[in-house]
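First the structure, in the form of structure tokens, and then the observations on it.
FYI, side chains are in, hydrogens and waters are out, and symmetry mates aren't considered; it's all heavy atoms of this structure. Residues: numbered from 1 along the sequence shown.
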Amino acid sequence: MKLVITMSRRFGTGASVIANELSKRLDIPVYDKAYIEQKLGEHEYETEADAIRKLAEKPCIILGRCASDILKDRMNVLNIYVCAAKEDRIHRIMKLENLSYDAAKERVEKTDEQRAAYYYEHTGKTWGDVNDYHMILDTSELGIDHCADILMQYFERLESVKLFL
């Protein structure tokens, strides 16, 4: 399967956990903001969009960076949006970063605001619009641990269907 997965997410949803688990199971790399910025700093790519297009030449998972929009015309790309209830995200960040409720709430709100602004600035679209994604996973409802299983079942069925086409 020459699949490229883009994963947009609200802050604190556990999307990076899901991406890392998929990476292990599918044996494909995960690229995030830090990786792409490092490569830009090393002058390996001119722009983030160039980096994303080049990375997507091989199977991989790309977290954020407007990858869903940059790669929207490619047939082998699955765009996923990961969300969760705000309270769940706040409590997750409290635990992960050892923050008070108010500090975690502020971090969740500020990060979501920054991501929405970044997405709009680079695409002219509303971040999280359901029309821009093939699949939406709500980790509050599904559980972070189950999302990788759900996606793997989907990929396995997709491969099975292709055998008959």
Worksheet item: In terms of side-chain geometry, is the basic nitrogen of Lys33 or Glu48 positioned less than 4.0 Å from the acidic oxygen of its partner?
Response: no

Practice prompt. Indicate yes or no: does Asp112 engage Arg89 in a salt bridge with an N to O separation below 4.0 Å.
Written response: yes

Item to complete: Identify whether the distance between the nearest side-chain nitrogen and carboxylate oxygen of Lys110 and Glu113 falls below 4.0 Å.
Response: no

Fill in: Ala67 to Ile52 - nearest heavy-atom pair and separation
CB-CG2, 4.0 Å

Discussion item. When you compare the side chain of Pro59 with that of Leu3, does any pair of heavy atoms fall below 4.5 Å?
Written reply: no

Worksheet item: SG/Cys60 to CG/Leu55 distance, rounded to the nearest 0.5 angstrom?
Response: 6.0 Å

Item to complete: Determine the interplanar angle of the Tyr133 and Tyr81 rings, folded into 0 to 90°, and report it as parallel if under 30°, tilted if 30 to 60°, perpendicular if over 60°.
Response: tilted

Worksheet item: Do Tyr101 and Glu106 get their side chains close enough for a donor-acceptor pair, meaning under 3.5 Å?
Response: no

Worksheet entry | Test applied, side chain to side chain contact (heavy atoms under 4.5 Å, CB included); reference residue, Ile5; option that passes from Val77, Leu151, Leu26, Ile62 | Leu26

Discussion item. Under a 4.0 Å threshold between the charged nitrogen and the carboxylate oxygen, would Asp69 count as salt-bridged to Lys72?
Written reply: yes

Worksheet item: Between Ala85 and Asp138, what is the shortest heavy-atom contact and its length?
Response: N-OD1, 4.3 Å

Worksheet entry | Test: Arg65 cationic atom under 6.0 Å from Tyr118 six-membered ring centre, within 45° of axis | yes

Discussion item. Please report the interatomic distance CG(Asn79) to OG1(Thr6), rounded to the nearest 0.5 Å.
Written reply: 3.5 Å

Worksheet item: If two hydrophobic side chains count as joined below 4.5 Å and joins carry through other members, does Ile144 share a cluster with Met152?
Response: yes

